[in-house]
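Side-chain atoms are counted along with the backbone in the values below, which use heavy atoms only and exclude waters and symmetry mates. Naming: A, B, ... by sequence-line order, numbering from 1 per chain.
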Amino acid sequence: MVKLAGPRRFRINVREVCIGCGESLFTNDYTRGENICTSCGLVSSDRIANRGPEWRAFTAEERDSRERTGAPMKLSIADKGLSTMIDWRNKDANGRALTTNTRATIYRMRKWHIRSRVQSSHHRNLGIAMSEMERLSSQLGIPREARETVALIYRKALAKRLVRGRSIDSVVAAAIYLACRIHRIPRRLDEIVTETRTNRKQISQAVRLVLSKVDVEVPLASAKDLIPRLSSDLGLEGRTVRRATEIVKQAKEGRITVGKDPGGIVGAALYIAGILEEDRRTQREIAKVSHVTEVTIRNRYKELVRSLGIIFENDF
DNA sequence: AAGACGAAAGTGGTTGA
DNA sequence: TCAACAACTTTCGTCTT
């Protein structure tokens with residue numbers, strides 16, 4: 001006894017609460033450009049953006065043929081995600097199993113397809129490099145955008161034949177290190193080294209090589225970028241962090257930071273801020289998280305206090 | 001006893017001849 | 001290629017809290 005409604009014109013979309021009846025039963029009628037409450041019938045807005053395509057399609061094939069975009073192009077995939085593949089399943093487009101004859105043909109095609117794809121050494125190199133890059137990046141927690149930068153740097157290095165005679169892993173590690181600096185992600189070279197099979201020396205050589213031969217804008221590791229990481233490791237309070245940020249900023253303006261280990265500067269700034277804000281940490285604790293020794297913290301601390309004229313009010 | 005301080009000697013990396 | 005050099009580390013004795 002249920003009477004079916006006519007052809008559905010609405011795309012049901014739960015939106016904000018209706019100002020008429022308080023229900024949250026809105027529906028968007030893109031064909032008319034209206035928002036209609038399905039509970040009380042209130043038309044709430046007569047100007048909504050239609051985010052769908054401007055064409056209409058009635059069948060799946062029509063939709064496929066009219067679609068003008070595909071998956072995004074990515075540098076971190078060896079072929080930029082643009083090549084085609086022959087599926088490994090022995091099924092045709094309708095999902096039916098192939099006959100023995102066709103299966104043999106497909107097998108041959110597949111073989112040559114794969115061979116032609118990795119035929120050039122350039123491509124093979126990229127394939128290996130990108131999988132190593134993915135492995136290392138996820139181990140180090142490198143975000144997506146930075147990985148694209150890594151891929152870009154590696155491609156440039158490869159194009160300039162810098163990978164010749166060097167291990168792929170070391171160049172990948174170097175690219176990751178540089179991409180981290182570009183994206184202002186604080187990662188020390190040693191952190192990267194521990195996750196690779198190559199040694200530190202090779203990686204730092206590769207870093208210097210890429211830096212000199214490939215045109216990439218790589219900012220110097222800045223003390224400021226390190227503050228969030230270290231202060232969260234130390235569990236410092238917001239006001240202490242702000243104070244430390246201010247100290248680092250002043251130190252930078254006073255030009256006493258050049259050539260110094262950022263870890264030491266931030267460590268000292270956090271130490272001072274801790275004393276000033278009575279959110280104190282010991283030099284040892286700070287030295288541990290900032291990967292410099294207590295002596296370095298002390299030296300920076302003395303310099304900062306002297307040149308910035310910091311006076312500890314709670315001293316007397 | 002833990003933390004801070006500072007001197008002295010040693011290390012790995014950069015710079016300039 | 002080598003020496004000079006600055007920054008940083010390790011080690012250790014001493015002072016302070």
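Along DNA chain B, the nucleotide closest to A/Arg281 and the one closest to A/Val295 are compared, and the more 5′ of them pairs with A/Arg281.
Using a 4.0 Å heavy-atom criterion, one finds that A/Thr282 contacts the sugar-phosphate atoms exclusively. As judged by a 4.0 angstrom heavy-atom cut-off over every strand, A/Lys201 is placed among residues making no nucleic acid contact.
The CD1 atom of A/Ile265 sits 13 Å away from the C1' atom of C/dC8 (whole-angstrom rounding). The CD1 atom of A/Ile297 sits 12 Å away from the P atom of B/dC5 (whole-angstrom rounding). Rounded to a whole Å, the CZ atom of A/Arg280 is 9 Å from the C1' atom of B/dG3. At whole-Å resolution of the value, CG in A/Asp261 and P in B/dT11 are 20 Å apart. Protein atom CG of A/Leu189 is 13 Å distant from nucleotide atom C1' of B/dG12, rounded to whole Å. One can place CG of A/Leu220 at 13 Å from P of B/dT14, the figure rounded to the nearest angstrom. A/Gln283 places its CD atom 14 Å from the P atom of C/dT17, with the value rounded to the nearest Å. Per the geometry, CG belonging to A/Asn299 stands 14 Å off P belonging to C/dT10, to the nearest Å.
Not one side-chain nitrogen or oxygen of A/Arg298 sits closer than 4.0 Å to the OP1 or OP2 atom of B/dC5. One finds a side-chain N or O of A/Arg208 lying less than 4.0 angstrom from the OP1 or OP2 phosphate oxygen of B/dT14. Contact annotation: A/Tyr301 does not reach the phosphate of B/dA4 (side-chain N/O to OP1 or OP2, under 4.0 Å).
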* Evaluation steps, salt bridge (Lys or Arg N to Asp or Glu O under 4.0 Å), between A/Asp190 and A/Arg200 -> CA-CA 7 Å; A/Asp190 302 282; A/Arg200 194 204 152 90; 2.5 Å; yes
* Worked verdict on A/Glu191 versus A/Arg188 for salt bridge (Lys or Arg N to Asp or Glu O under 4.0 Å) -> CA-CA 5 Å; A/Glu191 292 177 72; A/Arg188 284 170 306 114; 3.7 Å; yes
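The closest side-chain heavy-atom distance from A/Glu237 to A/Ser231 is not below 4.5 Å.
For A/Thr293, whose side chain is taken as the heavy atoms from C-beta onward, the closest listed nucleotide among C/dC8, B/dA4, C/dT10 is C/dT10. In this structure, of B/dG6, B/dG13, B/dG3, it is B/dG3 that holds the atom nearest to the side chain of A/Arg284.
Of the charged side-chain nitrogens involved, at least one lies within less than 4.0 Å of a carboxylate oxygen, so that A/Glu303 and A/Arg300 count as a salt-bridged pair. Salt-bridge annotation for A/Asp215 and A/Lys213: absent, with no side-chain N of the basic residue lying under 4.0 Å from a carboxylate O of the acidic one.
Nucleotide B/dA9 has C/dT9 as its partner under the Watson-Crick or G-U criteria, with both atom distances under 3.5 Å.
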